[in-house]
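It should be emphasised that the depicted structure is a prediction, and the values quoted were computed from it without experimental measurement.
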Amino acid sequence: MTNTAHLPKECPASMLCKELGRRLGMEVNRWEKQDPLRSEIVDMVCESDEQSAITSIDNNDCETSDRCEIGLQLPDGSVACWESNLETAQSSLQHARTIVELIESANQRAELQAENDALTMQVVNDFEELSLIRSLSSVMELPSGGISLDDLCSRSLIPLAGGIGATSIAAVFVDEHDASKFATTWWSGSQVTSDQRLAELITAHRKEASFQPVVRNKINAFDHVIDDEALSEYVLVQCRSEGRLHGWLIACNRCSELTEDTPWAQLGFTTVQASLLETATNQLAAQLHNTRLIKQKEELFTDVVRALVNAVEARDPYTCGHSERVARFARCLAGLAGQPEEACERIYLTGLLHDIGKIAIPDGVLQKPGRLDDDERAIIETHTDAGWRILHELEALRDVLPGVLYHHEQYNGNGYPDGLAGDKIPIDGRILAVCDAFDAMTSDRPYRDGMPIAKAVSILQGSAGESWDPALIETFCANIDKMKAIKQGHRPRKQASRPLPVDGQPLTTLTTNK
């Protein structure tokens with residue numbers, strides 16, 4: 001009756017038959033409906049509405065037989081067959097049905113549990129990925145003043161390496177002016193391989209990485225493009241935004257702790273890690289683009305300020321370099337007086353623009369080679385108000401207005417334009433008043449030579465508490481060597497020279513003499 005040569009080895013139905021035989025305490029065979037050698041009982045089961053059959057076994061020695069063969073269709077359509085006594089046939093069949101139902105129910109529960117476990121694991125993984133992405137979005141949020149490349153990489157790549165289970169992540173950036181050249185490389189952890197190896201890897205995968213992440217593991221080592229035992233597996237993702245290539249991120253080697261504890265991690269990097277790295281890289285690319293825009297904005301802002309200063313100096317060549325020196329003195333004094341770095345930079349900018357109002361002063365007064373009379377002095381004194389009017393509508397320059405307006409106020413209240421006194425004069429105005437006076441006294445004028453620094457210091461100390469803030473005068477004079485170094489180290493910028501046409505063709509490039 002038994003013919004097992006054609007049966008698949010250890011298929012679920014075969015295992016079910018073995019379990020059925022164990023519980024019934026007899027041998028149970030399994031037949032396929034299409035088997036050409038199947039027994040008669042198989043045909044009977046297939047024709048039965050109850051998907052089962054019982055038939056007596058012929059006995060050549062007796063007219064009747066007390067043995068019978070029982071057949072029961074299994075869930076996969078095959079038929080389980082076994083022998084039994086006629087008296088117990090029905091109970092044996094019913095017992096078998098119950099056993100099959102119980103086993104199938106247990107199998108279904110196991111499958112549902114496995115699916116539930118898989119879904120739970122997927123939800124956990126998705127939650128961890130979302131948490132990581134949210135965390136990266138938070139740490140990569142740019143401050144208003146921008147952020148350095150090192151700080152941006154440190155904030156993003158170190159947590160990202162842990163999130164995707166990489167030993168280290170390398171960020172390879174291209175030259176700002178030539179994307180075909182590699183500029184700098186930043187590692188989130190230990191340096192896994194050399195910069196030269198990374199360059200070879202990027203060059204080989206550059207085309208493929210332009211449209212999808214590149215994943216290489218130990219199992220497809222034959223497809224590796226470089227021979228490097230230290231770098232056995234990696235994910236390469238291109239970092240690009242707004243049509244500009246910033247560089248590439250390379251996740252190197254799966255962490256050994258993960259591959260030991262998690263079976264699927266032994267396969268190396270998967271599309272899950274590649275997708276997460278790509279998402280984080282897109283965020284990084286956007287922040288790099290924003291950082292570049294902030295830098296361009298700052299450069300444009302500085303250029304505008306320089307243009308305004310040039311406009312003053314173009315009208316009054318004798319003050320050329322004065323604004324720059326005052327700005328440097330003021331920044332130094334502000335720092336020595338305990339002002340925070342942000343305030344020091346604000347005061348420096350204010351120093352550059354403190355005389356912008358002189359644009360409104362008539363040439364006859366501004367460029368007079370001798371001393372001014374009272375009427376001319378009154379006209380000059382309007383330059384602080386004029387400076388305020390010029391700048392007050394520029395939102396980005398609102399912070400410089402106090403210093404521009406009040407740098408000629410005196411501590412005793414005898415200054416202009418509003419006669420403020422003491423601490424009521426804004427700190428920017430008080431600092432600039434000291435620095436402006438010091439540079440004016442020590443600089444040459446058409447009608448006199450600049451006085452020695454020692455004499456200027458004596459005048460400042462003599463009028464402390466009257467013309468100038470005594471605390472600032474004390475700080476300034478105590479650090480006069482630093483101020484002297486600033487003055488001696490300053491080199492006034494020369495005006496740009498306009499190129500003449502060549503062969504009748506105008507040139508648009510300006511040559512700046514620095």
Heavy-atom distance under 4.5 Å between the side chains of [X] and [Y], does that happen here?
{"X": "Val100", "Y": "Pro75", "result": "yes"}
{"X": "Glu69", "Y": "Cys81", "result": "yes"}
{"X": "Phe329", "Y": "Ile486", "result": "yes"}
{"X": "Cys435", "Y": "Leu333", "result": "yes"}
{"X": "Leu198", "Y": "Thr185", "result": "yes"}
{"X": "Ile169", "Y": "Ile158", "result": "no"}
{"X": "Asp428", "Y": "Ile431", "result": "no"}
{"X": "Arg206", "Y": "Gln238", "result": "no"}

If I take atom [atom1] from residue [X] and atom [atom2] from residue [Y], how far apart are they, to the nearest 0.5 angstrom?
{"X": "Leu394", "Y": "Phe301", "atom1": "CG", "atom2": "CZ", "result": "8.5 Å"}
{"X": "Ile347", "Y": "Asp399", "atom1": "CD1", "atom2": "CG", "result": "11.0 Å"}
{"X": "Cys17", "Y": "Glu19", "atom1": "SG", "atom2": "CD", "result": "11.0 Å"}
{"X": "Arg30", "Y": "Leu72", "atom1": "CZ", "atom2": "CG", "result": "13.0 Å"}
{"X": "Thr279", "Y": "Leu284", "atom1": "OG1", "atom2": "CG", "result": "12.5 Å"}
{"X": "Leu201", "Y": "Gln196", "atom1": "CG", "atom2": "CD", "result": "11.5 Å"}

Under 3.5 Å, is there a donor-acceptor pair between the side chain of [X] and the main chain of [Y]?
{"X": "Asp175", "Y": "Ala183", "result": "no"}
{"X": "Thr350", "Y": "Gly403", "result": "no"}
{"X": "Ser84", "Y": "Ser92", "result": "no"}
{"X": "Thr203", "Y": "Ala199", "result": "yes"}
{"X": "Ser78", "Y": "Glu32", "result": "no"}
{"X": "Ser194", "Y": "Arg197", "result": "yes"}
{"X": "Ser210", "Y": "Lys207", "result": "yes"}
{"X": "Ser48", "Y": "Met44", "result": "no"}
{"X": "Ser190", "Y": "Val192", "result": "no"}
{"X": "Asp355", "Y": "Ser323", "result": "no"}

Can you list the steps and then say if Glu111 with Asn107 is a side chain to side chain donor-acceptor pair (under 3.5 Å)? CA-CA 6 Å; Glu111 290 176 0; Asn107 288 340; over 6 Å; no

Between [X] and [Y], what is the shortest heavy-atom contact and its length?
{"X": "Ala337", "Y": "Leu472", "value": "CB-CD2, 4.0 Å"}
{"X": "Phe269", "Y": "Ala251", "value": "CE1-O, 3.8 Å"}
{"X": "Ala285", "Y": "His246", "value": "O-NE2, 3.6 Å"}
{"X": "Ala171", "Y": "Leu249", "value": "CB-CD1, 4.0 Å"}
{"X": "Leu24", "Y": "His95", "value": "CD2-ND1, 3.6 Å"}
{"X": "Ala13", "Y": "Asp76", "value": "CB-OD2, 3.1 Å"}

Pairing donors with acceptors under 3.5 angstrom, does anything connect the side chains of [X] and [Y]?
{"X": "Gln212", "Y": "Glu208", "result": "yes"}
{"X": "Tyr406", "Y": "His354", "result": "no"}
{"X": "Ser52", "Y": "Arg97", "result": "yes"}
{"X": "Asn282", "Y": "Glu278", "result": "no"}
{"X": "Arg306", "Y": "Thr302", "result": "no"}
{"X": "Ser105", "Y": "Gln108", "result": "no"}

Could you walk me through whether Arg346 and Glu342 pass salt bridge (charged side-chain N to carboxylate O under 4.0 Å, His left out), step by step? CA-CA 6 Å; Arg346 182 193 69 236; Glu342 183 179 353; over 6 Å; no

Would you say that more than 12 heavy atoms from the other residues, nucleotides or ligands in this model lie under 6.0 Å from the [atom1] of [X], or not?
{"X": "Glu299", "atom1": "CD", "answer": "yes"}
{"X": "Lys482", "atom1": "NZ", "answer": "no"}
{"X": "Glu176", "atom1": "CD", "answer": "yes"}

When you look at Arg331 and Glu345, which way does the side-chain contact (heavy atoms from CB on, under 4.5 Å) test go after all the steps? CA-CA 7 Å; Arg331 179 169 57 188; Glu345 292 305 315; 3.5 Å; yes

Under a 4.0 Å N-O cut-off, is there an ion pair linking Glu324 with Arg328? yes

I'd like to know if Glu298 and Lys295 make a salt bridge, using a cut-off of under 4.0 Å between side-chain N and carboxylate O.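 No, no charged N to carboxylate O under 4.0 Å.
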
Sub-6.0 Å ring centroid separation between Trp248 and Phe182: yes

Tell me if the aromatic rings of His490 and His322 count as close, with their centers under 6.0 Å from one another.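 Between His322 and His490, which both carry aromatic rings, the centre distance is not below 6.0 Å.
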
Which residue in the set Arg254, His205, Arg216 passes side chain to side chain donor-acceptor pair (under 3.5 Å) when paired with Tyr234?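 Option passing the side chain to side chain donor-acceptor pair (under 3.5 Å) with Tyr234: His205.
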
Using the side-chain contact (heavy atoms from CB on, under 4.5 Å) rule, take Trp187 and Thr193 through it: C-alpha gap first, then chi angles, then the decisive distance, then the call. CA-CA 10 Å; Trp187 287 90; Thr193 189; 4.3 Å; yes

Could you walk me through whether Val79 and Leu74 satisfy the side-chain contact (heavy atoms from CB on, under 4.5 Å) test, starting with their C-alpha distance in whole Å, then the side-chain angles of each, then the deciding distance to 0.1 Å, before giving a yes or no? CA-CA 6 Å; Val79 177; Leu74 301 177; over 6 Å; no

Check against side-chain contact (heavy atoms from CB on, under 4.5 Å), Val214 and Val235: CA-CA 6 Å; Val214 177; Val235 181; over 6 Å; no

